[in-house]
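Right, one structure below, let's go through it.
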Amino acid sequence: MSSNKNQVFMKGALILMIANLTVKLIGAGFKIPLTYVLGKEGMGLFSSSYQMYAWMFVIATAGFPVAISRMVAESRARGNITESKKIFSCSLILMGVIGIIGAAILYFGAGIFTDFMMNRDAELGIKAIAPALFFVGVMSAFRGYFQGRQDMIPTAVSEVVEALGKLVFGFLLAVMLMPLGLAYGSAGAVFGVTVGAFGGMVIIVIMYSVKNRKDRKGGPADFGQPRSVGGIVSELAKIAIPITIGASVFSLTSVIDMVMIMRRLQDGAGFSYEQALGLWGSYSGYANPVFNMPPSIITPIGISIVPAVAAAMAGSDIRFARRITATAVKVTTLFALPASIGVSVLSGPILMFLFQDKFAEQSLTLLALVIVFVSLVMVTNATLQAVGKEYVPVINMLIGGAIKIIVNYILVGIPEININGAPIGSMLCYIVILTLNIYSIKKSVGVKFGIMPTVVKPLLSSVAMGIVAIVTYNYTEFLGNRVAVVIAIAVAGVVYLGMIFLLGAVTKEDMQMLPKSEKLIPVMERFKLIRR
């Protein structure tokens with residue numbers, strides 16, 4: 001196992017994490033002001049339109065970028081560069097066709113979907129976002145190809161451009177169309193997703209053209225005979241279909257979740273349509289964006305692990321595959337656990353900081369605790385997909401999704417619990433999926449996860465951080481909510497870093513995974529911040 005291979009994996013993950021953090025900050029710059037323009041009801045319409053797009057998006061694109069990434073990585077590991085390019089060409093055509101079909105279904109079926117959701121005003125928004133499926137489909141083929149080469153920069157750049165397009169055009173259109181009514185304002189906002197996707201597609205096509213010209217002048221040596229088009233498409237389908245089924249099951253569960261919440265709030269808990277839409281809008285438009293930020297920043301670890309593990313397995317380097325898997329799980333825990341506890345204990349202040357409204361405080365307090373489980377599920381799913389166990393996450397997610405639906409149906413219909421039943425259902429869902437995933441990884445890859453460094457030490461550090469965060473906020477609240485939140489987060493961050501180094505949660509071997517670590521390690525050893 002070479003230090004260089006370790007660093008390539010972590011470099012790619014770090015590039016995407018920085019890009020995703022940037023995207024989330026841009027997204028906050030879009031969604032936070034948007035809540036003031038659209039209000040709870042308008043955000044409910046926006047979220048309903050986006051949820052339908054997200055479901056179709058997953059069906060159209062979830063499995064193929066992973067399949068492309070894995071197949072390209074395996075071909076390049078064997079030295080078959082021509083085959084890797086042929087895989088990309090086939091996948092680009094396939095993704096374009098799937099994108100067109102998905103966009104047509106979403107656009108022409110918008111009325112049917114909104115009738116089923118009992119959310120009649122979301123039809124215009126669904127039509128506005130439908131073309132994005134084609135642009136994202138094409139873009140996903142390029143991203144999968146670059147990720148298979150373990151080059152994460154084109155994906156990172158296209159994600160930032162996509163987010164900027166959504167911010168600028170979505171917000172402007174929402175403001176311009178709002179005088180025509182909530183349905184038009186929310187449709188204008190969601191059309192920004194379409195414009196952003198188009199921009200992201202254009203920039204990644206340009207980057208491919210530039211890099212392709214450089215490859216022609218002096219690329220790596222090529223060995224082996226490429227497979228036929230039929231063989232490539234068959235292998236793509238074999239890998240992508242189970243991944244797509246698993247992701248679409250979960251996405252469909254989210255859509256069912258949305259429909260069920262609206263229905264159960266009205267039929268079970270006795271709320272009116274307007275009250276139910278307000279509760280759903282508060283949960284989906286206020287609590288969910290905060291909840292989604294940490295997992296989306298951590299997602300790159302899962303994206304980076306697929307080509308890294310796939311290449312290792314293709315080269316029969318099982319030790320490296322195990323090392324990468326253990327590192328990915330540990331790094332995910334180190335990032336996700338403090339985020340989970342921090343957002344939970346500061347849920348009310350964070351909502352006030354972002355939205356000047358903490359109506360969703362109870363929901364976010366519960367939902368934040370799910371962050372660590374969601375993040376680990378994404379990474380463990382990616383690991384199983386990389387080692388050829390594509391159907392295992394499907395089964396595990398089906399089980400978890402069924403639990404989520406049952407719990408939501410029961411709890412959301414209880415007036416005293418109402419919308420707060422949704423995060424409880426999510427928590428149980430992800431705990432079950434994660435438990436099953438970890439069992440499957442241990443069985444198929446033989447990875448040993450150290451309980452102390454992976455769970456106990458990060459947990460103790462995060463609990464200490466959470467206590468410090470809430471105490472600091474309470475003592476500084478007189479300075480104003482926003483100032484107190486910033487101070488509390490800053491102090492909590494310092495405490496968490498101090499605790500993980502004090503407890504020895506980060507070792508020298510962990511640091512060696514980072515690019516340019518040879519300059520940082522001696523300094524940290526001098527101050528006794530890391531152990532061997």
| note | In short, L45 meets S186 closest at the heavy-atom pair CB-OG, 3.6 Å

| request: Could you tell me the separation between the CG atom of N288 and the CG atom of L367, rounded to the nearest 0.5 Å? | output: 5.5 Å

| CD1-OH distance between I129 and Y107, expressed to the nearest 0.5 angstrom | 14.0 Å

| request: Evaluate the side-chain proximity of V190 to Y53: yes if any heavy-atom separation is below 4.5 Å, no if none is. | output: no

| field | Expected output: side-chain S91 to main-chain A141 donor-acceptor under 3.5 Å | value | no

| request: For the pair R227 and E74, find out whether any cationic side-chain nitrogen is under 4.0 Å from an anionic carboxylate oxygen. | output: no

| query | Do M427 and L369 come close enough that some side-chain heavy atom pair is under 4.5 Å? | reply | yes

| said: Strictly distance-based, threshold 3.5 Å: is any side-chain N or O of S158 a donor or acceptor partner for the main-chain N or O of P154? | reply: yes

| request: Apply side-chain contact (heavy atoms from CB on, under 4.5 Å) to the pair T333 and V455, showing each step before the final yes or no. | output: CA-CA 7 Å; T333 306; V455 179; 5.6 Å; no

| request: Check for a donor-acceptor pair, side chain of S340 on one end and backbone N or O of A336 on the other, with a separation under 3.5 Å. | output: no

| message | Between I441 and L384, does the side-chain contact (heavy atoms from CB on, under 4.5 Å) criterion hold? Intermediate values first, please. | response | CA-CA 7 Å; I441 288 172; L384 290 165; 3.7 Å; yes

| message | Testing the basics here: between S426 and Y283, what is the closest heavy-atom pair and its distance to 0.1 Å? | response | OG-OH, 4.5 Å

| message | Could you check whether any side-chain N or O of T194 sits under 3.5 Å from a backbone N or O of A128, counting only pairs where one atom can act as donor and the other as acceptor? | response | yes

| Whether over 12 other heavy atoms sit under 6.0 Å from Y208 OH | yes

| Is it true that atom OH of Y50 has more than 12 heavy atoms of other residues, nucleotides or ligands lying nearer than 6.0 Å? | no

| query | Once you round to the nearest 0.5 Å, how far does CD1 of I203 lie from CE of M139? | reply | 11.5 Å

| query | Okay, side chain of R143, backbone of P65: is any donor-acceptor separation there less than 3.5 Å? | reply | no

| message | Taking V72's backbone N and O only, do any of them form a donor-acceptor pair with S75's side chain (distance below 3.5 Å, no angle check)? | response | no

| request: Report the distance from atom CG of L25 to atom CG of L167, rounding to the nearest 0.5 Å. | output: 11.5 Å

| request: Heavy atoms only: give me the nearest C429-K404 pair and the separation to one decimal. | output: CB-CB, 3.7 Å

| task | Verify side-chain contact (heavy atoms from CB on, under 4.5 Å) between M397 and N381, making sure each step is shown before the conclusion. | result | CA-CA 10 Å; M397 292 176 78; N381 276 354; 3.5 Å; yes

| query | Got a sec: does the OH of Y184 have more than 12 other heavy atoms crowding it under 6.0 Å? | reply | no

| Is there side-chain contact between E83 and R78, with heavy atoms separated by less than 4.5 Å? | yes

| Just how far is it from atom CG of L428 to atom CZ of F373, taken to the nearest 0.5 Å? | 10.0 Å

| Quick one: does M71's side chain get under 4.5 Å of I239's, heavy atoms only? | yes

| field | Closest heavy-atom pair and its distance - V447, A326 | value | CG1-CB, 4.0 Å

| message | Is it true that, when you exclude F449 itself, more than 12 heavy atoms of the residues, nucleotides or ligands shown sit nearer than 6.0 Å to its CZ? | response | yes

| message | Closer than 4.0 angstrom, basic N to acidic O: yes or no for E162 and K166? | response | no

| Pairwise side-chain contact, R213 with V210, heavy-atom cut-off 4.5 Å (strictly under) | yes

| task | Taking the side chain as every heavy atom from C-beta outward, state whether V394 and E390 have any pair of such atoms under 4.5 Å apart. | result | no

| query | Nearest heavy-atom pair of A174 and L34: which atoms, and what distance? | reply | CB-CD1, 3.7 Å

| In Å, rounded to the nearest 0.5 Å, how long is the span from OG of S375 to OH of Y430? | 9.5 Å

| Shortest non-hydrogen contact from A339 to P294? | CB-CB, 3.8 Å

| request: Output, in order, the C-alpha distance, side-chain angles, deciding distance and verdict of side-chain contact (heavy atoms from CB on, under 4.5 Å) for R323 and T327. | output: CA-CA 6 Å; R323 173 62 182 147; T327 299; 3.1 Å; yes

| query | Of the options V157, V202, T155, N212, which is the one that meets M207 in a side-chain contact (heavy atoms from CB on, under 4.5 Å)? | reply | V157

| said: Check whether T380 reaches the backbone of V377 with its side chain - one donor and one acceptor, N or O, closer than 3.5 Å. | reply: yes

| Close side-chain approach of R76 to I81, heavy-atom, < 4.5 Å | yes

| query | Does the ring centre of F171 sit less than 6.0 Å away from the ring centre of F30? | reply | no

| request: Would you check, one step at a time, whether the test ring pair (Phe, Tyr, Trp, His ring centres under 6.0 Å) holds for F142 with Y145? | output: CA-CA 5 Å; F142 283 94; Y145 174 68; 8.2 Å; no

| task | Would you mind reporting whether P295 and M378 have side-chain heavy atoms less than 4.5 Å apart? | result | yes

